[in-house]
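First the structure, in the form of structure tokens, and then the observations on it.
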Amino acid sequence: MFDVYKELWTRRRMVHTLSLHEMKREYAGTLLGFAWGLVNPLMRIAVFWFVFSIGARAGRPVDGAPFFAWLAIGMVAWFMLNDGFRSSNKSFRSKRSLIKNTPFPIAVLPAVQILYNYYMHLILLVVMLVVMAFTVDSFSAYWLQILYYDFAALMLLLGLGSVTAPLVAISKDFGRFLDTVLVFLFWMTPIFWSIDNLGKYAAIIKLNPFHYIVQGYRDSVFFKVGFWEQPLYTLYFWVVVFLLLILGNYLYKRMKPIFLDIL
Amino acid sequence: MSVAVSVEHLTKKYKLYEDKWGPIKEVVSRKKLHKEFLALKDFSLDFPKGEAIGVLGKNGSGKSTLLKIITGIADPTSGKVSVNGSLVFLDVSSGIDAELTGYENIFMKGILLGYTKDEMLEKVDDIIEFSELGEFINQPVKNYSAGMKAKLGFAISVNVDPDILIVDEALAVGDSMFRAKCMNKMNQFKEQGKTIIFVSHDPNAVESFCSKAAWIHQGELITYGDSKLVGSIYNDFMAGRRTIEAIKSELQFIHAIEQVSATMTENGYSVQVGGYLYGKNETEAKSFELLLRDKRTGEYRSIPLSPAPYEGSSSLPESVKKHAGFSATVTENQLAGLLKPGSFVFSVRYRNEENQWTEFPLRSGAFTKMDSDSQEQTSGRFLYKMQVAASQLNLVVDNHDKVQQQVNKMWFEGNLLHVEGVAFIRGYETKTASDVSVSLHLVNMETFEQKTYPASMNETEEITENQAFNPQGKNYNYSQFNAVIDLSKLEPGQYESKLTYVMKNDPYHEFLILVWASKGKEYPSETKIIGDREIEIKTGSKYLKLEVRNHGYEEQ
């Protein structure tokens, strides 16, 4: 049932090295290199902060956390989910020439993309947390909980990537469709607005597993809430991840002979 | 014999849709909306360990599909592949990332092949040295030339030391020095008992480098065996000399000419051939005819070949020994005018299920035994040579000497065509009209019927006085011939013209040659119409030919 993931585990070194190569590749030829991986998201956070707090005058503190810090942590989490999902679902398609010419275990490709994005995310996260440690007064041991949420996010992305990558490899339309869904999710996940604003409809938004991660980041940094304090939501999240992983394993096996031919 | 790669009953099917919605419509309507394309059809082959095996086939024959299935890049629709040992697939661009530098690519590719970073660190110096890239190794690969990319790819692939190396046309780029280096490296591989699968559409490369070869055509394995033999069959096919059907039917039979002996008898040149011939899948003897065919014109004579017990030294299966042998003698007289200067091939033919003749040349090679007398006979009307070339036995017939000749003029007179020309042989003096006789022949290219027109010899100083032709100052006064062809008696058809030159004095040789006519301006260019026929003189090939057509019939 988990053959693909067993293979990933045995080839974890390969996944790691390939994801480092992916980073080199992405910034090869630029003078600033990885710095671009930092500049771009920081700029986006700044723009959103400007639009929401100055432009829309919505910059009130959220449950006691300063709006800018609250927004920034949410977006850091979101960037990882968004970028990891985007590049993993296209992983077979974007590495087409490699797949067509080189015999190697292609099952690692979605994981390589996820890990690459995670490494980029780590750089941003560390920078963010260092800044926060000096500016926000909520520094606590709960910050370590971010490691748990990172693990959860990686598993969620692995599940989503395994399910969507074979489908995108078969159908370009599906890839376009997923891009559209992501834009929708970006606004529907409470990143700029607090879920409290929704009142009784909050439960529906909570079904989105992305929210579990974004909320978890904020709980760890600002609100000192442990994941064990909401056991049902945690259970729900892991059931979703588990089902995605099973489905991903099945789809990969089923679709591989097909997408090898039509890629 | 241990096997490096074994494939059994491989079939690869591609679905071709005309409509991009086809796959979805098919699921919904449960109707078949695609055409099937079979890239491989029930393909089985064992690649033996420690050999270089060539895979031949033209573009689109399925050889790349086969490689992709062996390497695991593609999955077969059905069938089984088993690979014993580590495998590297070498093709020009595989696993090379244009954005990264050569150095980074070495690691990238090594990791894709399953090596760790430390293992690659040990190999990296060898690879850089082999690749001859020098300081370019730290440049991005996108700045490399095609040859440099190939060098890098090849250097990585051979230096990671795989058990099985698959090479796909990769040596086509790169300069000849580097190619030689690659060949060397691959030869080392062979000596180490490693297996190389070499894919190419060039039979010469396969013959020179591989001991075994397989030929794929339209997804089917046509034959597998000695690379020289497979290469020569493949060459025949690619040059259009033989059809795939003829080759396939030939390959159902196992045959060889094992001994040849030729002598000169009162019936002229006589040759006796012996060997074996039997069907792979047949227990009964088939009735064959032995054929001697003129390679240029296609004219042939055949004699029935009766099966005989095989008594030679080759190890044939016991079940076929009692009928697999053959032995046949053909003489010049029996061949009734077939033997004339040209090249002839020994073939056999039989009637297939549809009662059509199927013909193939008998296999010949180093195993064909011939004494020196049989190789060349000089005492007959012509010179006769037996040659083994491209796995076939050829009889080459030549004139004893070269006849210099040319048609100077031609003109129509009523229904007659006058042909005036010169013919002489260096060193053979023609002082009087009785020293020589010449006649002209017209041969119908379809029926090979021959009409003969005696020529009269006339005196001319054209040759005797020409320093270029006659530096020794000999007498060639009677070298002009005049012949008259009665066109009204020619049936429609294509005719080529020949000339017989007979020495009336010692050494009394007779020569037969095609008539040379290269002075186009001196010949009538218009079509002659006689009754319901039209006659055209054709000298485009520099040889004199006539075409006779029914008047009003437009040739296509």
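All values reported here derive from a predicted model rather than from experimental measurement.
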message = Return the CD1 to OG1 distance between Ile73(B) and Thr102(A), rounded to the nearest 0.5 Å.
response = 6.5 Å
key: Residue-level contacts of residues 14-28 of chain A with chain B, using a heavy-atom cutoff under 4.5 Å   = Met14(A), Thr17(A), Leu18(A), His21(A), Lys24(A), Arg25(A), Ala28(A)
inquiry  = Please determine whether the number of non-hydrogen atoms from other residues, nucleotides or ligands lying under 6.0 Å from atom CD of Glu36(B) exceeds 12.
reply    = yes
query = Given a strict heavy-atom distance threshold of 4.5 Å, which part of Lys13(B) is in contact with chain A: side chain, backbone, both, or neither?
reply = backbone
ask   = Would you say Leu207(A) has more than 12 foreign heavy atoms packed within less than 6.0 Å of its CG?
value = yes
Show me, pair by pair, the donor-acceptor contacts under 3.5 angstrom made by side chains of residues 253-263 of chain A, not counting sequence neighbours?
residue, atom, partner, partner atom, Å
Lys253(A), NZ, Asp3(A), OD2, 2.5
Asp261(A), OD1, Lys12(B), NZ, 2.9
Asp261(A), OD2, Lys12(B), NZ, 3.0

message = Tell me if the CZ atom of Arg13(A) is crowded by more than 12 foreign heavy atoms within 6.0 Å.
response = no
note = Within residues 53-65 of chain B, the residues sitting under 4.5 Å from chain A by heavy atom, in sequence order, are none
ask   = Counting heavy-atom pairs under 4.5 Å to chain A, which of Lys117(B), Glu104(B), Glu99(B), Lys68(B) comes out on top?
value = Glu104(B)
remark   = If one checks every heavy atom of Phe107(B) against chain A at 4.5 Å, the contacting part turns out to be both
message = Out of Thr101(B), Leu113(B), Leu100(B), Thr77(B), return the one with the most heavy atom pairs under 4.5 angstrom to chain A.
response = Leu100(B)
key: OH (Tyr250(A)) with more than 12 external heavy atoms under 6.0 Å   = no
Report all side-chain donor-acceptor pairs from residues 173-182 of chain A shorter than 3.5 Å, counting only partners two or more places apart or in another chain.
residue, atom, partner, partner atom, Å
Asp179(A), OD1, Lys90(A), NZ, 3.0
Asp179(A), OD2, Lys90(A), NZ, 3.4
Thr180(A), OG1, Arg176(A), O, 2.9

